[in-house]
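Before any comments, here is the structure.
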Amino acid sequence: MHQYVARGVHGQTVEVLAQRILTGQIPEGATLDITALQSELDVSLTALREAMRVLAAKGLVDARPKRGTFVRPRGDWSLLDPDVLRWQFSRQARPGLFADLSELRSIVEPGAASLAAERATDEDIAALDAALEAMAAAGDDASAAVDADLAFHRALLAATHNELLQRMEVLIETGLAERDRMVHGHGPGDPLPSHQAVVEAIRQHDRLGAAQAMGRLLEQAIEDVAKLERAADEDR
């Protein structure tokens, strides 16, 4: 359950308004009719105002005297905020978002794999091996497969022992989780060999081999999403 939904009426109000803003249903620059929203959503003014404070903290809205509450330009949004990321990926609020994620991963993760090959401790390699074991055990359980994949990428970033790279976990995991949910269960190839190749290169402290293996893994990930998109286009 999403964390805001779990918080009841206030949380659901945040979710609804965030999705409307991120999908453009409420466009940038639009002034929000608080009275109309209160009636439509059937929430108290207190809950609505609290939702606005949450959205304001994430850069989505602002309030000014004589103008009221309005949607800020996209350039002001806190796009790396974990909730804003989740809201975007969960509804594909912007075309090309998964392509952006793929480009980011292609820049970050091969380099991370190379650093991990140099710096990984026995504990780091054990964490990567545990993720591989979970991946193998997941079988047709899509949820378990997603969890195992996220554990692998989390362990990879941790093995770099670079604090800033480790903080990329939030961005990569949020998008990766949604991408995995799309792909798993729709017939992609076995992901285990490509992940094993990365871990074996790290185990051998082969920086170039680790980067190349991660590059091949990412190429396969891009192709898996492309297959789904082609299938969706054919269905339409």
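Atom set for the values below is all heavy atoms of this structure, side chains included, hydrogens, waters and symmetry mates excluded. Keep in mind that this is a model prediction, so the values were computed, not measured.
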Please find the pair of heavy atoms, one from Leu48 and one from Gln38, that lie closest to each other, and give the distance. CD2-N, 3.8 Å
Non-hydrogen atoms of Ala201 and Gly209 that approach each other most closely: CB-C, 3.7 Å
Gap between atom CD of Gln12 and atom CG of Leu17 - 0.5 Å precision: 11.5 Å
Same apolar cluster: Leu104 and Ile222, side chain cutoff 4.5 Å: no
Does this structure show an ion pair linking Glu219 with Arg216, if we count only N-O contacts that are shorter than 4.0 Å? no
Which atoms form the tightest heavy-atom contact between Arg105 and Ala221, and what is the distance? NH1-CB, 4.2 Å
Do Met52 and Ile34 come close enough that some side-chain heavy atom pair is under 4.5 Å? yes
Smallest separation among heavy atoms of Leu80 and Leu85, with atom names: O-CD1, 3.6 Å
In the structure I gave you, are the side-chain heavy atoms of Val14 and Gln19 within less than 4.5 Å of one another anywhere? no
With a 4.0 Å cut-off on N to O distance, would you call Asp124 and Arg119 a salt bridge? no
Going by the salt bridge (charged side-chain N to carboxylate O under 4.0 Å, His left out) test, which pairs reach into residues 35-53, not counting sequence neighbours? Arg20-Glu40, Glu50-Arg53
Checking Thr160 side chain against Leu157 main chain: does a donor-acceptor pair fall under 3.5 Å? yes
Can you tell me if Glu109 and His153 form a side-chain donor-acceptor pair at under 3.5 Å? yes
Output for pair (Ile125 CD1, Leu132 CG), nearest 0.5 Å, gives 11.5 Å
For the hydrophobic clusters of this structure (ILVMFWY residues joined by side-chain heavy atoms under 4.5 Å, transitively), does one cluster hold both Leu208 and Ile202? no
Spell out, as yes or no, whether a donor-acceptor pair under 3.5 Å connects the side chain of Ser78 to the backbone of Lys58. yes
Minimum side-chain heavy-atom gap Val198-His195 below 4.5 Å: no
Holding to salt bridge (Lys or Arg N to Asp or Glu O under 4.0 Å), I want the full list of residues that pass it with Asp76, two or more places apart in sequence or in another chain. Arg72
Does a side-chain N-to-carboxylate-O contact under 4.0 Å join Arg74 and Glu28? no
Val54 with Phe70, same ILVMFWY side-chain cluster at under 4.5 Å: no
Ile21 side chain reached by Trp87 side chain, heavy atoms, under 4.5 Å: no
Between His205 (side chain) and Glu118 (backbone), is there a donor-acceptor pair under 3.5 Å? no
Between Gln25 and Thr23, is any side-chain donor less than 3.5 angstrom from a side-chain acceptor? no
Nearest heavy-atom pair of Ala211 and Ala113: which atoms, and what distance? N-CB, 4.3 Å
When rounded to the nearest 0.5 angstrom, what is the spacing between CD in Gln196 and CG in Asp129? 9.5 Å
Any side-chain heavy-atom pair from His161 and Leu115 closer than 4.5 angstrom? no
Can you tell if the side chain of Val108 reaches within under 4.5 Å of the side chain of Leu165, non-hydrogen atoms only? yes
Heavy-atom distance under 4.5 Å between the side chains of Val71 and Pro27, does that happen here? no
Closest approach of Asp33 to Ala36 (non-hydrogen atoms, all atoms of both residues): OD1-N, 3.0 Å
